[in-house]
Number of protein chains: 2
Amino acid sequence: MTSYIDKINTYIKTLDHDTLTALQSISSDKKYKKGDLLLKQHEICGKSYLLMSGIARKYYLTDGKEITTELYFENDLAVSFDSYTLQQPSREFIEALTDVTVSITHYQAFQEAKAKYPKLLALDLMLAEYYGMWVENRLFQFHTMTATERYLEILHKSPHIVQTVPLTIIASYLGISLETLSRIRAKV
Amino acid sequence: MTSYIDKINTYIKTLDHDTLTALQSISSDKKYKKGDLLLKQHEICGKSYLLMSGIARKYYLTDGKEITTELYFENDLAVSFDSYTLQQPSREFIEALTDVTVSITHYQAFQEAKAKYPKLLALDLMLAEYYGMWVENRLFQFHTMTATERYLEILHKSPHIVQTVPLTIIASYLGISLETLSRIRAKV
DNA sequence: TTAGAAATTTGACTTAGGTCAAATAATGAA
DNA sequence: TTCATTATTTGACCTAAGTCAAATTTCTAA
């Protein structure tokens, strides 16, 4: 599936000058401090955030508890998918876990650009497909793997997560309690 | 999210004659008997299956056990998403749970049609977005809900599933054992 | 209709993971 | 440095859900 990111990047490199400048004209950089919220619950996700540097996460609250649903590193694209797609209030927050720099693209401007530049429509499809496969893979893990197996998967495939993100957040991302994660780590 | 299906259907109704005939020219109907496999593991999912009638499911095998990942009813579109998107061998099977009639569209022909008819590209994006939101919602359920809560969710939002699909399959779809499902049902 | 197979339920017991509480360890600002 | 806060670990006990085995119930094909 990493190969699909390559495919997307390769595709972006083939974009013509006009398409590329159109895209740049509707994007702008912004910095956030550690702890800042890029998106709040109940807000409509009217922007996409491409992480240039730093770490961020997406999470929601269920009876007072924060459940992390996605972790973002450099070059990851952060949005609340359903809020962005349906332009309806978000169930999720997006939070900067460190100071971050992002490239922001507005939803509405991007919709208009897609109508004018079909290559952006194709790009949007690729991004949606990638996200679909990513979520499908995560669901697969919850459906069939134990907590220990899920932790080992992260440890092997995304060691940077374990190295940079607090265990409380990793535990909620794995869908287990902090104590259980600590015990799993104490073993292998 | 049902509203998004409405949006997709509304969009389809706005398709011009040429686009529509192009789509029809690359689609054909086919019937399968109960128990037939529309897609086998390790095959590349080179077709999409729009269910016209009957019930089908998608599942994979983990150490000999069948895990159902999706149930299809009339008007549902069945594909192994990553296999179809990446055109790589499928981890999943697609099986007819009853006699079914499907409208089959070939992947390759659809790719070519999308290049010629941009409205099909936009349609494809909507379908990918819908699937992404659907999977995200299922992941949410696995991430935060107990087995009982997941069962009640199905019971309320998709009662047709409980009425038509064997409990063994529903149990694996919920990620629980058959016995646990039976006990949940014995209560409320 | 009826025997055999398949689906579902029930019982007894085990286990992964949760909860609550307390003890350490690590970090960061004054 | 040092104190206070935050992060992580450890202990004791609990609970949801799994496993294995057997009993029923429901279908289905002859």
Side-chain angles (χ1 to χ4, degrees), chain A residues 33-36 54-55 57 59 61-68 71 95-99 138-155 159-188, chain B residues 33-36 54-55 57 59 61-68 71 95-99 138-155 159-188:
Chain A
K33 286 278 168 204
K34 175 177 179 172
D36 284 353
I55 305 176
R57 68 161 173 156
Y59 71 95
L61 294 172
T62 342
D63 34 70
K65 286 195 177 175
E66 298 181 355
I67 310 279
T68 298
L71 294 164
E95 178 195 25
L97 291 179
T98 64
D99 290 0
R138 244 175 84 74
L139 177 59
F140 174 87
Q141 289 172 26
F142 274 85
H143 208 154
T144 59
M145 293 160 69
T146 64
T148 304
E149 287 168 338
R150 267 177 276 146
Y151 174 70
L152 289 177
E153 180 94 358
I154 275 199
L155 193 60
H160 53 291
I161 291 181
V162 182
Q163 285 152 19
T164 55
V165 178
L167 293 186
T168 314
I169 289 177
I170 295 178
S172 86
Y173 182 68
L174 290 172
I176 59 180
S177 72
L178 173 61
E179 294 93 329
T180 295
L181 177 56
S182 181
R183 286 179 182 116
I184 287 172
R185 284 161 58 85
K187 293 182 219 153
V188 161
Chain B
K33 286 279 166 203
K34 174 175 178 173
D36 284 353
I55 306 176
R57 68 160 174 156
Y59 71 95
L61 295 171
T62 342
D63 34 70
K65 285 193 177 174
E66 298 181 356
I67 309 279
T68 299
L71 294 165
E95 178 195 26
L97 291 179
T98 63
D99 289 0
R138 244 178 81 77
L139 177 59
F140 174 89
Q141 291 172 24
F142 273 85
H143 208 155
T144 60
M145 295 161 69
T146 64
T148 304
E149 288 167 338
R150 266 177 275 145
Y151 174 70
L152 289 177
E153 180 94 358
I154 275 199
L155 194 60
H160 54 292
I161 291 181
V162 183
Q163 287 152 18
T164 57
V165 178
L167 294 186
T168 314
I169 290 177
I170 295 177
S172 87
Y173 182 68
L174 290 171
I176 61 180
S177 72
L178 173 61
E179 296 91 330
T180 296
L181 177 56
S182 181
R183 285 179 182 115
I184 288 172
R185 284 161 57 87
K187 292 182 219 155
V188 160

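Throughout, protein chains are lettered first and strands after them, A, B, ... in sequence-line order, and every chain is numbered starting at 1.
- A:Arg57 pairs by the side-chain hydrogen bond (donor to acceptor under 3.5 Å, both in side chains) definition with A:Glu66, A:Thr68, A:Glu95, not counting sequence neighbours.
- The separation between A:Ile169 atom CD1 and D:dA7 atom P is 8 Å, rounded to whole Å.
- As rounded to whole Å, 14 Å separates atom P of C:dT8 from atom CD of B:Gln163.
- Looking at B:Thr164 and B:Leu97, their side chains never come closer than 4.5 Å, going by heavy atoms from C-beta outward.
- Annotation: proximity of residues 144-153 of chain B to DNA chain C (heavy atom, distance under 4.0 Å) is found for no residue.
- Cation-pi check for B:Arg138 over A:Phe142 is not met; the charged atom does not lie both under 6.0 angstrom from the ring centroid and within 45 degrees of its normal.
- Residues B:Val165 and B:Tyr173 have side chains not in contact (no heavy-atom distance under 4.5 Å, counting atoms from C-beta outward).
- Rounded to whole Å, atom P of D:dA16 lies 17 Å from atom CG of B:Leu174.
- As rounded to whole Å, 15 Å separates atom C1' of D:dA7 from atom CG of A:Leu97.
- Distance from the side chain of B:Ile176 is smallest for D:dG18 among the nucleotides D:dT9, D:dG18, C:dT9.
- With distances taken from any side-chain atom of B:Ser182 to the nucleotides C:dT9, C:dT8, D:dT8, the minimum falls on C:dT9.
- Regarding B:Ile170, its CD1 atom lies at a distance of 12 Å from the C1' atom of C:dT8, rounded to whole Å.
- Atom P of nucleotide C:dT15 and atom NZ of A:Lys187 are separated by 13 Å, given to the nearest angstrom.
- A:Arg185 places its CZ atom 14 Å from the P atom of D:dA7, with the value rounded to the nearest Å.
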Going by atom type alone, with no hydrogens or angles, which donor-acceptor pairs under 3.5 Å involve a side-chain atom of residues 179-188 of chain B and a protein atom two or more places apart or on another chain?
| from | atom 1 | to | atom 2 | distance (Å) |
| --- | --- | --- | --- | --- |
| B:Thr180 | OG1 | B:Ser177 | OG | 3.0 |
| B:Arg185 | NH1 | B:Tyr151 | OH | 3.0 |

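- Contacts of A:Leu181 with the nucleic acid, taken as non-hydrogen atoms under 4.0 Å apart, are absent.
- The CG-P distance, from B:Leu167 to D:dC27, rounds to 11 Å in whole Å.
- Under a 4.0 Å N-O distance rule, the pair A:Lys33/A:Asp99 qualifies as a salt bridge.
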Polar pairs (N or O, both sides) under 3.5 Å between protein and nucleotides 19-25 of chain C?
| from | atom 1 | to | atom 2 | distance (Å) |
| --- | --- | --- | --- | --- |
| C:dT19 | O4 | A:Arg183 | NH1 | 3.3 |
| C:dC20 | N4 | A:Glu179 | OE2 | 3.2 |

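- Every residue was checked against the salt bridge (charged side-chain N to carboxylate O under 4.0 Å, His left out) condition with B:Lys65, not counting sequence neighbours, and none meets it.
- Each end of the helix from C:dT1-D:dA30 to C:dA30-D:dT1 yields a helix axis from five base pairs, and these two axes differ in direction by 50° (to the nearest 10 degrees).
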